[in-house]
Amino acid sequence: MADTPHILLLAGTFEARNLAQLLKEALPEARIIASFAGAVSSLPDLGVETRVGGFGGAEGLAAFLETNAVDLVIDATHPFAAQMSTNAVKACGMTETPIIRLERPPWREEDGDHWMGFADLNAAAEAIPAGARAFLAVGRKDIGCFTHRTDVFALARMIERPDTPLPQHWQLHLDRPSSNIEDETALLEEHGIDHLVAKNSGGPRASAKLVAARRLGVPVLMIDRPELPPAPVATTIDEVLTFSLRSVG
Ligand code: NAP
């Protein structure tokens, strides 16, 4: 390892923002590079060196790790960013770079919930009953799996406008998920929503919609997480910090 430890933080989540700050404080001498896919146009300032855009697959990432003498990769991407997480494991294997993946625990069904689980977006899209009024809490990259369902009304919420055109009678709601249960309940009520489609992202920041659905008795079509290749996993930011300090501190 070089004198200055070098950490690559694969970002794109709220946890990555916190981690960047905490890593900087815990390892002031380290070079920390946060990496974004560039999926959204306004990126948060993580207060560390930042790069934007893909690496060019696992091989491209392996080359990046070697060129930049990276000592540790922290995969703090979203649980559904399966391609990036898979590439990270492969690239770290090729270059023998230590890796830790931050995996927030998935949401679990609670009393009063009516969940149906689906392996992927397409399966959930097929399961929405004809004539339903669905709230699609999926991303702009995912919405194309649903747009053929012109037999339902959908309120589609995402952060940025999708490339895919939506059926004319659907409503696009450009916003981040709210963490306020009252706001999420009001949104569901206002649009007469009778089915909620969500990805099992986990974490407290986007769970208010699930509480709203529980309150209103709205069934949830829950998309299970994609499977990821085995890697050392932490479920909290603190665990990642401990691992990082042990690896490069
Ligand atoms: P993905 O399908 O796993 O990745 C597609 C490609 O985008 C990757 O192969 C990689 O390109 C590039 N990429 C992804 N994350 C990157 C990162 N942090 N830094 C540099 N390149 C990255 O990922 P995704 O689902 O499109 O998500 C993209 C970003 O949005 C991720 O950072 C993720 O954390 C964030 N995000 C995703 C979701 C979601 O539901 N999927 C939700 C919230 C936030 P190359 O192969 O060229 O390296």
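Note that ligands are numbered from 1 as they come in the structure, with each ligand's atoms numbered from 1 the same way.
- At least one N or O atom of G56 sits closer than 3.5 Å to an N or O atom of ligand 1.
- Salt bridge E184/R157: present, at least one basic N to carboxylate O contact under 4.0 Å.
- Assignment of G53 to the shell around ligand 1 is supported, since a heavy atom sits closer than 4.0 Å.
- Between G139 and ligand 1 there is no heavy-atom distance shorter than 4.0 Å.
- Of the candidates K141, H78, M158, R140, K141 brings a heavy atom nearest to atom 2 (O) of ligand 1.
- Note: an N/O pair closer than 3.5 Å links F55 and ligand 1 by distance alone.
- Here the shortest heavy-atom distance to atom 10 (C) of ligand 1, taken over Q83, K199, M84, belongs to M84.
- Within a 6.0 Å sphere centred on CD of E96, other residues, nucleotides and ligands contribute 12 heavy atoms or fewer.
- Per-atom contact check: atom 22 (C) of ligand 1 touches the protein, criterion being a heavy-atom distance below 4.0 Å.
- If you look at S201 next to ligand 1, there are no close heavy atoms at all, none under 4.0 Å.
- With distances taken over non-hydrogen atoms, the option nearest atom 12 (C) of ligand 1 out of G54, S35, A11 is G54.
- Heavy-atom distances between N87 and ligand 1 reach below 4.0 Å in at least one pair.
- By the 6.0 Å and 45° rule, R149 does not stack over the aromatic ring of F153.
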